[in-house]
Amino acid sequence: MDELTLRELRLKIGMTMDEMAAELKIHRQTYWYWENKNNPPEDAMQKIHKLYEKVEEFTDDDIDIIEKIGTIKRYYKLSYDNLAQLVGAKTGMSVVNWLNGVQPRLKYMIRINELYYEIVRKKQKEEARSRDTFCRINPLDRESWKVKSENKVITWL
């Protein structure tokens with residue numbers, strides 16, 4: 001990864017110079033100077049490398065973009081325009097284009113993945129909490145069972 005120039009990293013991440021400067025919280029001209037001289041400060045390079053690693057982590061998870069967008073849209077009950085705003089895109093048409101096969105820019109893909117995996121984790125926690133627990137009421141009676149579901153006991157006789 002060290003052999004990649006600052007420009008190559010920015011392009012692999014999928015950001016413009018303005019977006020990268022905003023991400024690093026610096027002026028655009030400062031970023032332009034760093035990129036053209038390929039001489040950024042070490043702390044800036046560390047931030048860019050972390051961002052690049054985050055992009056690589058999310059780009060190859062074998063889950064279809066349509067499934068991710070659909071999950072986010074249903075979970076938060078959003079319109080295409082609201083979903084676009086949530087991920088940082090300008091209009092809902094961007095989301096429609098992604099659903100029609102246009103590959104989103106990596107910065108949008110990162111946000112989509114963050115939202116999607118946040119929902120997946122929430123659902124997994126909910127499922128773990130609501131699992132039913134079965135046990136015998138009377139160990140001598142083969143047909144006496146109870147189920148405990150969220151502090152309620154249901155008994156079948």
Side-chain angles (χ1 to χ4, degrees), residues 1-36 38-134 147-152 154:
M1 185 163 51
D2 289 293
E3 64 272 358
L4 294 176
T5 66
L6 187 58
R7 182 176 191 278
E8 290 169 337
L9 283 169
R10 176 179 58 82
L11 292 174
K12 283 186 176 271
I13 293 169
M15 290 185 161
T16 65
M17 285 181 140
D18 291 336
E19 292 167 340
M20 185 61 81
E23 182 71 29
L24 296 172
K25 296 177 177 69
I26 59 171
H27 194 272
R28 183 191 185 285
Q29 289 176 330
T30 304
Y31 180 80
W32 180 88
Y33 178 80
W34 290 353
E35 188 171 295
N36 286 319
N38 199 28
N39 189 22
E42 187 60 33
D43 61 329
M45 276 307 283
Q46 288 176 354
K47 286 180 183 178
I48 293 168
H49 282 296
K50 284 181 184 177
L51 188 59
Y52 180 72
E53 289 169 6
K54 194 174 185 180
V55 167
E56 283 192 327
E57 175 185 328
F58 284 129
T59 53
D60 191 24
D61 60 2
D62 292 330
I63 300 173
D64 189 30
I65 185 77
I66 296 170
E67 180 182 338
K68 290 177 183 179
I69 290 173
T71 300
I72 296 166
K73 191 174 180 307
R74 282 187 304 275
Y75 187 82
Y76 291 113
K77 299 176 181 155
L78 299 171
S79 67
Y80 288 131
D81 286 329
N82 291 340
L83 179 59
Q85 289 175 355
L86 188 62
V87 299
K90 291 182 182 177
T91 66
M93 207 53 211
S94 299
V95 177
V96 172
N97 289 336
W98 300 336
L99 293 172
N100 289 327
V102 175
Q103 183 68 28
R105 292 176 62 189
L106 288 176
K107 70 175 190 169
Y108 302 136
M109 198 66 212
I110 291 171
R111 186 67 179 132
I112 290 168
N113 282 324
E114 286 173 347
L115 291 167
Y116 175 76
Y117 286 111
E118 181 181 309
I119 293 167
V120 168
R121 281 191 295 275
K122 284 180 184 177
K123 286 183 177 182
Q124 287 172 343
K125 285 181 183 178
E126 288 171 5
E127 287 175 9
R129 270 187 278 153
S130 67
R131 248 183 231 141
D132 294 335
T133 308
F134 291 91
V147 61
K148 182 179 179 187
S149 178
E150 295 184 27
N151 299 329
K152 296 178 183 175
I154 301 169

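Positions are given from 1 along the sequence. Quantities reported herein were computed from a predicted structural model and do not represent experimental measurements.
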Give the C-alpha distance, both sets of side-chain angles, the deciding distance and a yes or no for side-chain contact (heavy atoms from CB on, under 4.5 Å) between V120 and K123.
CA-CA 5 Å; V120 168; K123 286 183 177 182; 5.9 Å; no
Would you name the heavy atoms of [X] and [Y] that are closest together and state the gap between them?
X    : Y    : result
I72  : I112 : CD1-O, 3.4 Å
P104 : I65  : CG-CD1, 4.1 Å
E19  : T16  : OE1-N, 2.8 Å
D81  : G92  : OD1-N, 2.8 Å

Give every donor-acceptor pair under 3.5 Å between a side-chain atom in residues 21-33 and any protein atom, sequence neighbours left out.
| from | atom 1 | to | atom 2 | distance (Å) |
| --- | --- | --- | --- | --- |
| H27 | ND1 | Q29 | N | 3.1 |
| R28 | NE | D18 | OD1 | 2.5 |
| Y31 | OH | E35 | OE1 | 2.8 |

Nearest 0.5 Å, please: how far is [atom2] in [Y] from [atom1] in [X]?
X    : Y    : atom1 : atom2 : answer
L4   : Y52  : CG    : OH    : 5.5 Å
M109 : Y116 : CE    : OH    : 10.5 Å
L78  : L86  : CG    : CG    : 6.0 Å

Taking the side chain as every heavy atom from C-beta outward, state whether [X] and [Y] have any atom pair closer than 4.5 Å.
X    : Y   : result
L115 : K68 : no
L83  : W98 : no
R7   : L11 : yes
I48  : P40 : no
M20  : L9  : no

Tell me, with the steps shown, if R111 and E114 meet salt bridge (charged side-chain N to carboxylate O under 4.0 Å, His left out).
CA-CA 5 Å; R111 186 67 179 132; E114 286 173 347; 3.5 Å; yes
Could you point out which residue of N97, T91, V96 forms a side chain to side chain contact (heavy atoms under 4.5 Å, CB included) with S94?
T91
Check whether more than 12 heavy atoms from other residues, nucleotides or ligands sit under 6.0 Å from atom OH of Y75, and answer yes or no.
yes
Among all residues two or more places apart in sequence or in another chain, which pass the side chain to side chain contact (heavy atoms under 4.5 Å, CB included) test with Q85?
N82
Just by modelled atom types, is the D64 backbone N or O under 3.5 Å from a matching donor or acceptor in the E67 side chain?
no
With sequence neighbours left out, write down each residue that passes side chain to side chain donor-acceptor pair (under 3.5 Å) with Y76, or none if nothing qualifies.
E118
